Amino acid sequence: MVRVSNQLLQNARTLVSDFLVCPLSKQPLRYCEESNSLISDAIGVSFPVKNGVPCLIPKDGTILEDEDESKPDNDTNLSAVSEDNQGRSS
Amino acid sequence: MRGLLSLFRRKPLSFPPFSFSPFSTSESKLKVFNRELKRTQRDRAAWLMPPNDPLLHTVAENLSDRLQDCKKNFPTALCLGGSLQAITSSLRGRGAIEKLIVMDASHDVVQACKNANHGLNNNGMETMYLVGDEEFLPIKESSVDLVISCLGLHWTNDLPGAMIQSRLALKPDGLFLAAILGGETLKELRIACTIAQMEREGGISPRVSPLAQVRDAGNLLTRAGFTLPGVDVDEYVVKYDSALELIEHLRAMGETNAHSQMNTILKRDAALATAAIYDSMFAEEDGTVPATFQVIYMTGWREHPSQQKAKRRGSATVSFTDIQKQFGSQN
């Protein structure tokens, strides 16, 4: 069983390094073992890996909280998003 | 067709609490399909889908058979959405694929495909799984030799965008192969729904999703920048015992209506009227009702200097008058 999961992990690594990019920015992704997620540093979003399958749908991602606040893009992102949410919930 | 399904109560969809500003312009664009709804429908289809659906199997075979017409090998392939199990099993051993990336928008479909292929002899084909959206393709530029999509792309809102992203993901001289459902699909159901709604409700609302026409397919390929585009059409007629079985089948394939503005209420008598009209208008002598599925097959290549192409204008060195002098007398 351990060998199988190792092989799966290896598969996932080649998948990430050779083929996958962030679906929104098309920039490289980084695998974070701690949270078992793929992180797009360009836009500060993490995508979950469920059962060894990376989920790279924009709506599945979560914005990383401890992201560098100095980036103006991020701030506008968040404010636009909160407005959007209000619009949806009302 | 969706209306019949809405007799059953659905779980409300939950929206994760953000969207991205770089693509916020896409909100203002025309949204034909509800992609979230499609995703839940495909989640359901993962559990309902029989392992060997004849329609999906035939389309997948027809599509992957085209790989054997090419002399080229395709070491890395990307399989987008649609009928995953049928296409992955028919791709096995074809086109010398070494690495196959299987992608779908529904996690359950991907998981079902993974479980089905687990433990099978894959002829040394390494298969990797991924959940992704065709409209936001998470694949590195120039990284795969083949992009194949079996009955998935007709649900995208931005089909040209999805095809352009597929072209970018391809290596030069890579092949794009796709099968989508065309506008003639389910024409019987379209007619029956319209008549039943006119009769029972005094008006009509779209019950069957809009689909691409054959003439659009060629334009799409050219617009997405594929070279040597090719389009061909096949029509399959499937016979069912009644219209209700047709709906069951559509549901199992995850092909039920996901129109973003559809009316989610369909009264029971209107649904039954649709089935009755379908039966009286289209039933055959043996009591079965036919349903047409029009499948458009699209082929395109990413440009490469080795491909044949028309010569530049004005590059000819021989005059047509001379050619006519040379050969004209023979006629």
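Given the structure is predicted, the values throughout are model-derived calculations rather than measurements. Per chain, numbering begins at 1; letters A, B, ... match sequence-line order.
- Interface summary for chain A: among B/L78, B/V110, B/I101, the most heavy-atom pairs under 4.5 angstrom belong to B/I101.
- Atom CG of A/L20 is separated from atom CG of B/L137 by 10.0 Å, given to the nearest 0.5 angstrom.
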>> For B/T76 and A/F19: C-alpha separation, side-chain torsions, deciding distance, then whether side chain to side chain contact (heavy atoms under 4.5 Å, CB included) applies.
In response: CA-CA 10 Å; B/T76 52; A/F19 299 106; 3.7 Å; yes

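- Heavy atoms of B/A169 lying under 4.5 Å from chain A are absent altogether.
- Minimum heavy-atom separation, A/P58 to B/D133: CD-CB, 4.4 Å.
- There is no side-chain donor-acceptor pair under 3.5 Å between A/K50 and B/Q111.
- The two residues B/K114 and A/N51 have their closest heavy-atom pair at NZ-O, 3.2 Å.
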> Can you list the steps and then say if A/I57 with B/F136 is a side chain to side chain contact (heavy atoms under 4.5 Å, CB included)?
Replying inline: CA-CA 7 Å; A/I57 291 187; B/F136 301 96; over 6 Å; no

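- Proximity to chain A (any heavy atom under 4.5 Å) is shown, for B/E141, by neither the backbone nor the side chain.
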> Would B/L168 and A/K26 satisfy side chain to side chain contact (heavy atoms under 4.5 Å, CB included), going step by step from the backbone distance to the final call?
Replying inline: CA-CA 11 Å; B/L168 291 176; A/K26 308 277 180 199; over 6 Å; no

